[in-house]
Structures are given as structure tokens and as C-alpha cells.
Amino acid sequence: MISKSGNTVEWLTPLGLPVIQPYHRSKPFLCHSNLQVVNLQNTHDANERPDTMKQKNAFPPNFIHSLDSTHMMLTSLHCYRHGLTFVSVHDCFWTHADTVDVMNKVCREQFVALHSQPILQNLSKFLLQKYCHGFSPKNATKMSPETLRMALHFSNMPETGNFDLKQVKDSTYFFS
């Protein structure tokens, strides 16, 4: 719905960092040389309309990756506060052997702290403000049918389960 309205999908991480999916329709152009002609595709031209399928398919994994990177950043900052050496690549975290237990504790604490936040509610508020101009029932009659449909979709929140997230702190396995 967002990309069909001519916009790219954007959101803020829990750290407040903006994420903008750069997927636009490809724009072919020919590159001529003395030896050959090469057909090139530019898929990141912000002047082109968003690639609806790519925007749609990329959002779920990109959103989860943004949460994973937030967890990594929080873990690294808190390890630094504890005087730990912290190294990471994507979702693999390392420290010295004698500080693994402390890093393990910090990693779990930051995971619980992050996922105790109202992440989906904050995403909903952001999407409503950005793409639906701050939807409220009072201004629903002033919206286009497409914007109203987006507003209703973004307002529809899933029910929260009953898993006690704090169990993560005491589980045998958590992160590899």
C-alpha cells in the first residue's frame, strides 16, 4: 500500500535511526563503448517510482534485521560500560574467554529490555503519522479511500501473547 501510493517504506529503529528501503523500479540504460554495448539497470534511482513487489517482500526481513542491529548496538554499548572487549559480525558476538559470562548476561538483558518496548505500537504510530497524516477517527472522512485503507491496516495491532520474556535471562540456550 505504501509503495503503491508512490512512497518508499520507511521506519525508525528503537534507537531512533531512520531506515529507508531504496528499492525503485529499474531504469535501463545502454552503455556504448568501442567493443560492445552493455545494458545496465539502475534500481536505486530515487526519482523512479518504488518497486512495489521488492518493497513489500523486503520489509519483514529488513524490519527484523533493524531490530537485530538495535540489539547488537545496545549489547555493544553495555559491554563497553562493563569494560568488555566486544566484536560482532551481523548476529555473531565475541569477547575474550574470561568475559563471555558477562557478555552473555548483558546480551540477554538487552534483548529483554529491547523486546519489552512497544515495538509494533511504535511502528504503527510512525506509519500512521508518516503515510496517513496522523490518522484519527476525527479526520477519517477527509482521507482518500487508499489512505483510509492504509490507516485502518496500520492501526490493526496483533494481540500480545503470554510468554514471559524475562525467561530469556535464565534459559539454557539463547544466542550462539
Side-chain angles (χ1 to χ4, degrees), residues 1-33 37-78 80 86-93 107 110-161 163 165 175:
M1 287 185 277
I2 293 169
S3 59
K4 283 183 179 178
S5 72
N7 295 293
T8 55
V9 178
E10 303 177 23
W11 66 93
L12 293 176
T13 70
L15 292 174
L17 299 171
V19 179
I20 303 168
Q21 295 192 142
Y23 314 118
H24 294 82
R25 292 184 183 168
S26 61
K27 183 178 185 179
F29 62 94
L30 298 176
C31 184
H32 298 275
S33 74
V37 176
V38 179
N39 185 9
L40 301 172
Q41 301 285 325
N42 181 1
T43 59
H44 299 291
D45 184 350
N47 295 320
E48 293 295 317
R49 288 190 55 79
D51 182 332
T52 302
M53 188 61 69
K54 183 85 171 168
Q55 291 281 338
K56 177 180 139 183
N57 290 339
F59 173 72
N62 286 345
F63 183 72
I64 296 302
H65 288 311
S66 75
L67 294 179
D68 290 345
S69 67
T70 297
H71 175 242
M72 180 198 67
M73 187 63 152
L74 291 169
T75 300
S76 69
L77 289 170
H78 284 80
Y80 179 77
F86 178 87
V87 180
S88 68
V89 173
H90 188 58
D91 59 358
C92 295
F93 300 175
C107 188
Q110 294 313 305
F111 183 88
V112 170
L114 171 63
H115 291 284
S116 294
Q117 295 180 33
I119 293 171
L120 290 180
Q121 291 84 347
N122 291 344
L123 176 64
S124 173
K125 287 178 192 172
F126 178 84
L127 295 175
L128 287 168
Q129 185 63 42
K130 174 111 181 121
Y131 301 109
C132 304
H133 318 294
F135 170 75
S136 73
K138 294 177 186 176
N139 66 3
T141 57
K142 299 175 188 171
M143 294 181 161
S144 71
E146 294 83 16
T147 304
L148 181 59
R149 201 171 106 216
M150 270 198 293
L152 294 173
H153 184 72
F154 297 155
S155 300
N156 186 13
M157 298 298 303
E159 286 187 35
T160 304
F163 177 71
L165 192 56
F175 213 78

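The model shown is predicted, which means the values in this text are computed figures rather than measured ones.
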Pairwise side-chain contact, [X] with [Y], heavy-atom cut-off 4.5 Å (strictly under):
{"X": "L123", "Y": "F63", "value": "yes"}
{"X": "L128", "Y": "S124", "value": "yes"}
{"X": "L12", "Y": "N122", "value": "no"}
{"X": "P14", "Y": "L67", "value": "yes"}
{"X": "Q110", "Y": "L114", "value": "no"}

Supply the atom-to-atom distance [X] [atom1] to [Y] [atom2], rounded to the nearest 0.5 angstrom.
{"X": "L15", "Y": "S66", "atom1": "CG", "atom2": "OG", "value": "9.5 Å"}
{"X": "F93", "Y": "C107", "atom1": "CZ", "atom2": "SG", "value": "5.0 Å"}
{"X": "T70", "Y": "F111", "atom1": "OG1", "atom2": "CZ", "value": "12.0 Å"}
{"X": "D51", "Y": "S26", "atom1": "CG", "atom2": "OG", "value": "7.5 Å"}

Which salt bridge (Lys or Arg N to Asp or Glu O under 4.0 Å) pairs, counting each pair once, include a residue from residues 110-129, with sequence neighbours left out? none
With sequence neighbours excluded, give me every salt bridge (Lys or Arg N to Asp or Glu O under 4.0 Å) pair touching residues 5-26. E10-K130
For P61, check side chain to side chain contact (heavy atoms under 4.5 Å, CB included) against everything at least two apart and list the hits. H65
Restricting to side chain to side chain contact (heavy atoms under 4.5 Å, CB included), what partner residues turn up for N156, sequence neighbours left out? none
Any sub-3.5 Å donor-acceptor pair from [X]'s side-chain atoms to [Y]'s backbone N or O?
{"X": "Q55", "Y": "Y23", "answer": "yes"}
{"X": "H32", "Y": "L30", "answer": "no"}
{"X": "T75", "Y": "H71", "answer": "yes"}
{"X": "T13", "Y": "L17", "answer": "yes"}

Using residues 1-9 as the side-chain source, report each donor-acceptor pair under 3.5 Å to any protein atom, sequence neighbours left out, with the distance given to one decimal.
residue : atom : partner : partner atom : Å
S3      : OG   : T52     : OG1          : 3.4
S5      : OG   : I2      : O            : 2.5
S5      : OG   : N7      : ND2          : 3.0

Side chains of N62 and Q21: do they bring a donor and an acceptor to under 3.5 Å? yes
For a quick test of your reading: what N or O donor-acceptor pairs under 3.5 Å do the side chains of residues 146-155 make, sequence neighbours left out?
residue : atom : partner : partner atom : Å
T147    : OG1  : S144    : OG           : 2.9
S155    : OG   : A151    : O            : 2.7

Mind running ring-ring contact (aromatic ring centres under 6.0 Å, His included) on Y80 and F86 for me, showing each step along the way? CA-CA 7 Å; Y80 179 77; F86 178 87; over 10 Å; no
Considering all heavy atoms, the nearest M143-C132 contact: CE-O, 3.1 Å
